Amino acid sequence: MSTVVQKDWSDLAVAVTNGYSVTKEEAVAILRTEDSDLLSLLQASYKIRSHYFGNKVKLNMIINTKSGLCPEDCGYCSQSIVSEAPIDKYAWLTKEKIVEGAKESIRRKAGTYCIVASGRRPTTKEIDHVVEAVKEIRETTDLKICCCLGFLNEEHAAKLADAGVHRYNHNLNTSKDNYENIASTHTYEDRVETLEEVKGAGMSPCSGAIFGMGESEEEAVEIAMALRELDADSIPCNFLNSIDGTPLEGRKELTPRKCLKLLAMMRFVNPSKEIRIAGGREVNLRSLQPLGLYAANSIFIGDYLTTAGQDQNSDWEMIKDLGFEIEECAL
């Protein structure tokens, strides 16, 4: 059992809004909060969340522009070379389909459109394909564009930034010490390097985690601290949705209450950042999904890469029922 004394979360939240940085010991204590004190923890998290974001909720929509066919061996991913999951596999969508996806993103009230492609690293031809689509989208909307295309070099990062890509996603996924248990075809350091290229090009860094992959509580905190050190502006918190046919199939480490504590911990450690409830939200938080928005200020709407999301109307209603407001983009 923890030797860390549980704090008054409300007092800690006030300190955080006044500029205090939560320590590793305090963050671990958040994860070890007794279930009976969970509502107090969420109330404190909401103090921080509302201080920076009020009751606004940011919506993000994903388009999977290239599915499967990936040479990497990430154990959680249905698109990896080691996966036997029965998913759709296809090469790049046309520019027209990518642009149409942006229009659908606006129809769903999403302010950020995420262009995602499987694979280790995009070629120059693939980067140019995305650039053409992004330029057309940016000509007609104020939609924020996020890309997630794999590892980037300086030249490719600059091209995306020049085209108007606001943000680039490259998740750390898990802690440095746990990384070798998740993937062997690349390293934790490779991911950090790409995030540095993203920042160097002037794009906003988006990076987060997938919880429930064997990490300890201390390692979960290490991820949050690493993201703080990297100054990630947007932090997607994924909860493992173990897919049959992947190396991590059948793994069920999380409860809805644990997910809420993880979201609270991430808010305390990264108070002013966009904390997004991402993949696995529906199957892990289940009936407690609304409570997650007392810590997080962002969700994905619609489907994920190869798994289904909650119906958009249900998400809109959930936000409205909370008394929160969707932060839509301007046309």
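Here the structure is a predicted model, which means the values were calculated and not measured. Just so it is clear, the values below take in all heavy atoms, side chains as well, and ignore hydrogens, waters and symmetry mates.
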Asker: Do Arg281 and Asn241 touch side chain to side chain, with heavy atoms closer than 4.5 Å?
Answerer: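 Arg281 does not reach Asn241 side chain to side chain.
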
Asker: Establish, for the pair Arg276 and Phe300, whether the NZ or CZ atom is under 6.0 angstrom from the six-membered ring centre and no further than 45 degrees off its axis.
Answerer: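 Positive - Arg276 is close enough to the ring of Phe300 and near enough to its axis.
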
Asker: Could you give me the CA-CA distance, side-chain angles and deciding distance for Glu253 and Phe211, then say whether side chain to side chain contact (heavy atoms under 4.5 Å, CB included) is met?
Answerer: CA-CA 9 Å; Glu253 300 180 0; Phe211 294 110; over 6 Å; no

Asker: What about His166 and Tyr113, are their ring centers closer than 6.0 Å?
Answerer: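 So the answer is no for these two rings.
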
Asker: Does atom CD of Glu154 have more than 12 heavy-atom neighbours, drawn from other residues, nucleotides or ligands, at distances under 6.0 Å?
Answerer: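 12 or below, so no.
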
Asker: Considering the options Glu229, Glu189, Glu222, Glu215, which one meets the salt bridge (Lys or Arg N to Asp or Glu O under 4.0 Å) requirement together with Lys176?
Answerer: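 Filter result, single survivor: Glu189.
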
Asker: Could you walk me through whether Glu197 and Asn153 pass the side chain to side chain contact (heavy atoms under 4.5 Å, CB included) test, one step at a time?
Answerer: CA-CA 7 Å; Glu197 293 288 1; Asn153 59 34; 5.5 Å; no

Asker: Determine whether Tyr179 and Ile210 fall in the same hydrophobic cluster, where Ile, Leu, Val, Met, Phe, Trp and Tyr are linked whenever their side-chain heavy atoms lie under 4.5 Å apart.
Answerer: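 No.
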
Asker: Applying side-chain hydrogen bond (donor to acceptor under 3.5 Å, both in side chains) to Asn173 and Tyr76, what does each step give before you reach the verdict?
Answerer: CA-CA 10 Å; Asn173 287 328; Tyr76 53 84; 2.8 Å; yes

Asker: Examine distances only and state if a side-chain atom of Asn238 and a backbone atom of Ala209 form a donor-acceptor pair shorter than 3.5 Å.
Answerer: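 Indeed, once roles are kept as given, a pair shorter than 3.5 Å links the two residues.
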
Asker: Let me check something: do Ile182 and Tyr188 share a hydrophobic cluster, defined by ILVMFWY side-chain heavy atoms less than 4.5 Å apart, either directly or through other members?
Answerer: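 Different clusters: Ile182 never reaches Tyr188 through Ile, Leu, Val, Met, Phe, Trp or Tyr contacts under 4.5 Å.
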
Asker: Which one of Glu274, Glu325, Glu327 satisfies the salt bridge (Lys or Arg N to Asp or Glu O under 4.0 Å) criterion with Lys56?
Answerer: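 Result for salt bridge (Lys or Arg N to Asp or Glu O under 4.0 Å) with Lys56: Glu325.
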
Asker: Which pair of non-hydrogen atoms, one from Ala85 and one from Asp244, has the smallest distance, and what is that distance?
Answerer: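 That closest heavy-atom pairing would be CB-O, 3.4 Å.
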
Asker: State plainly whether the residues Lys135 and Glu139 are in salt-bridge range, i.e. N to O under 4.0 Å.
Answerer: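 Looking at Lys135 and Glu139, the cut-off is not met.
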
Asker: Should Tyr52 and Ser272 count as side-chain neighbours, where that means a heavy-atom distance under 4.5 Å?
Answerer: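 Tyr52 reaches Ser272 side chain to side chain.
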
Asker: In this structure, are over 12 heavy atoms from other groups packed under 6.0 Å from Glu249 atom CD?
Answerer: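 Check passes, neighbour count above 12.
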
Asker: Any salt bridge linking Glu100 with Lys97? Criterion: basic side-chain nitrogen under 4.0 Å from a carboxylate oxygen.
Answerer: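 Between Lys97 and Glu100 there is no salt bridge, as every charged N stays at least 4.0 Å from the carboxylate O atoms.
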
Asker: Quick one: which of Lys258, Lys24, Lys261 gives a salt bridge (Lys or Arg N to Asp or Glu O under 4.0 Å) with Glu217?
Answerer: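 So the option named by the test is Lys258.
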
Asker: What pair of heavy atoms forms the shortest contact from Arg167 to Ser234, and how long is it?
Answerer: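 Between these two residues, the closest heavy atoms are NH1-CB, 3.3 Å.
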
Asker: Less than 4.5 Å apart, side chain to side chain, heavy atoms only: is that true for Ser83 and Cys77?
Answerer: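 Counting from C-beta outward, Ser83 and Cys77 never come under 4.5 Å.
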
Asker: Would Arg267 count as a cation-pi partner of Phe53, with NZ or CZ less than 6.0 Å from the six-membered ring centre and within 45° of the ring normal?
Answerer: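 Output no; distance or angle outside limits.
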
Asker: Side chain of Asp73, backbone of Thr185: donor and acceptor closer than 3.5 Å?
Answerer: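 Pair found, side chain donor or acceptor close to backbone of Thr185.
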
Asker: Can you tell me how far the OG atom of Ser50 sits from the CD atom of Gln43, to the nearest 0.5 Å?
Answerer: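 Here the rounded value is 10.0 Å.
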
Asker: Test of understanding: clusters of I, L, V, M, F, W, Y form through side-chain heavy atoms closer than 4.5 Å, transitively. Do Leu227 and Met225 belong to the same one?
Answerer: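 Same cluster.
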
Asker: If only atom types and distance count, is the side chain of Asn270 paired as donor or acceptor with the main-chain N or O of Ile275 below 3.5 Å?
Answerer: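 Pair absent, no side-chain N/O of Asn270 close to backbone of Ile275.
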
Asker: Test your reading of the model: is there a side-chain donor-acceptor pair from Arg49 to the backbone of Leu293, 3.5 Å cut-off?
Answerer: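 The answer is yes, because a donor-acceptor pair under 3.5 Å joins these two groups.
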
Asker: How far does CZ of Arg108 sit from CG of Leu59, to the nearest 0.5 angstrom?
Answerer: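 Arg108 atom CZ to Leu59 atom CG measures 11.0 Å (nearest 0.5 Å).
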
Asker: Look at the side-chain heavy atoms of Ile, Leu, Val, Met, Phe, Trp and Tyr, link any pair under 4.5 Å apart, and say whether Ile277 and Leu254 land in one connected group.
Answerer: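 Same cluster: Ile277 reaches Leu254 through Ile, Leu, Val, Met, Phe, Trp or Tyr contacts under 4.5 Å.
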
Asker: Do Asn64 and Gln79 come within less than 4.5 Å of each other through their side chains, counting heavy atoms only?
Answerer: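 Sidechains of Gln79 and Asn64: in contact.
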
Asker: If I compare all heavy atoms of Trp316 with all of Ile326, which pair ends up nearest, and what's the gap?
Answerer: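 Heavy-atom minimum between the residues: CD1-CD1, 3.5 Å.
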
Asker: Any heavy-atom pair between the side chains of Leu160 and Val134 that's under 4.5 Å?
Answerer: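 Of all side-chain heavy-atom pairs linking Leu160 with Val134, none is under 4.5 Å.
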
Asker: Nearest 0.5 Å, please: how far is CG in Leu291 from CG in Leu263?
Answerer: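 Going from the CG atom of Leu263 to the CG atom of Leu291 covers 10.5 Å.
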
Asker: side-chain hydrogen bond (donor to acceptor under 3.5 Å, both in side chains) between Ser10 and Lys47: does it pass, once the steps are laid out?
Answerer: CA-CA 8 Å; Ser10 181; Lys47 282 188 177 182; 2.4 Å; yes

Asker: What distance do Leu260 atom CG and Ile30 atom CD1 have between them, rounded to the nearest 0.5 Å?
Answerer: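 One finds 13.0 Å between CG of Leu260 and CD1 of Ile30.
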
Asker: Give a yes or no on whether the backbone of Lys66 and the side-chain of Ser118 come within a donor-acceptor separation of less than 3.5 Å.
Answerer: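 Answer holds: yes.
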
Asker: According to the interplanar angle, ranging from 0 to 90°, do the rings of Phe324 and Tyr46 count as parallel (below 30°), tilted (30 to 60°) or perpendicular (above 60°)?
Answerer: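 The arrangement is parallel - the two ring planes meet at less than 30°.
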
Asker: Testing the basics here: between Met203 and Ala157, what is the closest heavy-atom pair and its distance to 0.1 Å?
Answerer: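 Closest pair (atom of Met203, atom of Ala157, distance): CE-O, 3.5 Å.
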
Asker: If only atom types and distance count, is the side chain of His186 paired as donor or acceptor with the main-chain N or O of Cys74 below 3.5 Å?
Answerer: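 Absent.
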
Asker: In this structure, are over 12 heavy atoms from other groups packed under 6.0 Å from Glu180 atom CD?
Answerer: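 Atom CD in Glu180 is not packed in, count stays at 12 or less.
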
Asker: Any idea which heavy atoms bring Leu31 and Met265 closest together, and the distance?
Answerer: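 Result for this residue pair: CD2-CB, 3.8 Å.
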
Asker: In plain terms, say whether Lys320 and Glu317 are close enough for a salt bridge, that is, a side-chain N and a carboxylate O under 4.0 Å apart.
Answerer: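 Not counted as a salt bridge, because no side-chain N and carboxylate O are separated by less than 4.0 Å.
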
Asker: In Å, rounded to the nearest 0.5 Å, how long is the span from CD1 of Ile127 to SG of Cys147?
Answerer: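 One gets 7.5 Å once the value is rounded to the nearest 0.5 Å.
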
Asker: Side chains of Asn169 and Pro236: closer than 4.5 Å at any heavy-atom pair?
Answerer: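 A side-chain contact exists here, since the closest heavy-atom pair is under 4.5 Å.
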
Asker: More than 12 foreign heavy atoms under 6.0 Å from CG of Leu69: is that the case here?
Answerer: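 Correct, the count exceeds 12.
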
Asker: Identify the two heavy atoms, one from Leu149 and one from Tyr168, that lie closest to each other, and give their separation to 0.1 Å.
Answerer: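 Shortest heavy-atom separation between Leu149 and Tyr168 comes out as N-OH, 3.0 Å.
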
Asker: Between Thr194 and Arg191 (side chain of the first, backbone of the second, donor and acceptor by atom type, cut-off under 3.5 Å), is there such a pair?
Answerer: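 No; zero donor-acceptor contacts below 3.5 Å.
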
Asker: Are the side chains of Asn60 and Ile299 in contact, using a 4.5 Å heavy-atom criterion?
Answerer: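 Answer no - side chains too far apart.
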
Asker: Does Glu218, at its CD atom, have more than 12 non-hydrogen atoms belonging to other residues, nucleotides or ligands within less than 6.0 Å?
Answerer: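 Correct, the count exceeds 12.
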
Asker: With a cut-off of 6.0 Å (strictly less than), are more than 12 heavy atoms of other residues, nucleotides or ligands near CG of Asn313?
Answerer: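 Above 12, so yes.
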
Asker: I'd like to know if the side chain of Thr65 and the backbone of Ile115 have a donor-acceptor N/O pair within less than 3.5 Å.
Answerer: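 Checking the backbone N and O of Ile115 against the side chain of Thr65, no donor-acceptor pair under 3.5 Å is found.
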
Asker: Are the side chain of Asp162 and the backbone N or O of Lys159 linked by a donor-acceptor pair below 3.5 Å?
Answerer: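 Between the backbone of Lys159 and the side chain of Asp162 there is no qualifying donor-acceptor contact (under 3.5 Å).
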
Asker: Within the distance-only criterion (no hydrogens, no angle test), does the side chain of Ser45 pair as donor or acceptor with the backbone N or O of Leu41 below 3.5 angstrom?
Answerer: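 Yes, because the side chain of Ser45 sits within donor-acceptor range (under 3.5 Å) of the backbone of Leu41.
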
Asker: Taking it one step at a time, do Leu12 and Tyr20 satisfy side chain to side chain contact (heavy atoms under 4.5 Å, CB included)?
Answerer: CA-CA 8 Å; Leu12 185 60; Tyr20 176 73; 3.7 Å; yes

Asker: Starting at OG of Ser105, measure out to NZ of Lys103 and round the result to the nearest 0.5 Å.
Answerer: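 Rounded to the nearest 0.5 Å, the OG-NZ separation comes out at 13.0 Å.
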
Asker: Would you say the side chain of Pro205 lies within less than 4.5 Å of the side chain of Leu230, judging by non-hydrogen atoms?
Answerer: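 No, their side chains stay 4.5 Å or more apart.
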
Asker: Does Met266 share a hydrophobic cluster with Leu240, counting links as ILVMFWY side-chain heavy atoms below 4.5 Å and allowing steps through other members?
Answerer: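 No.
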
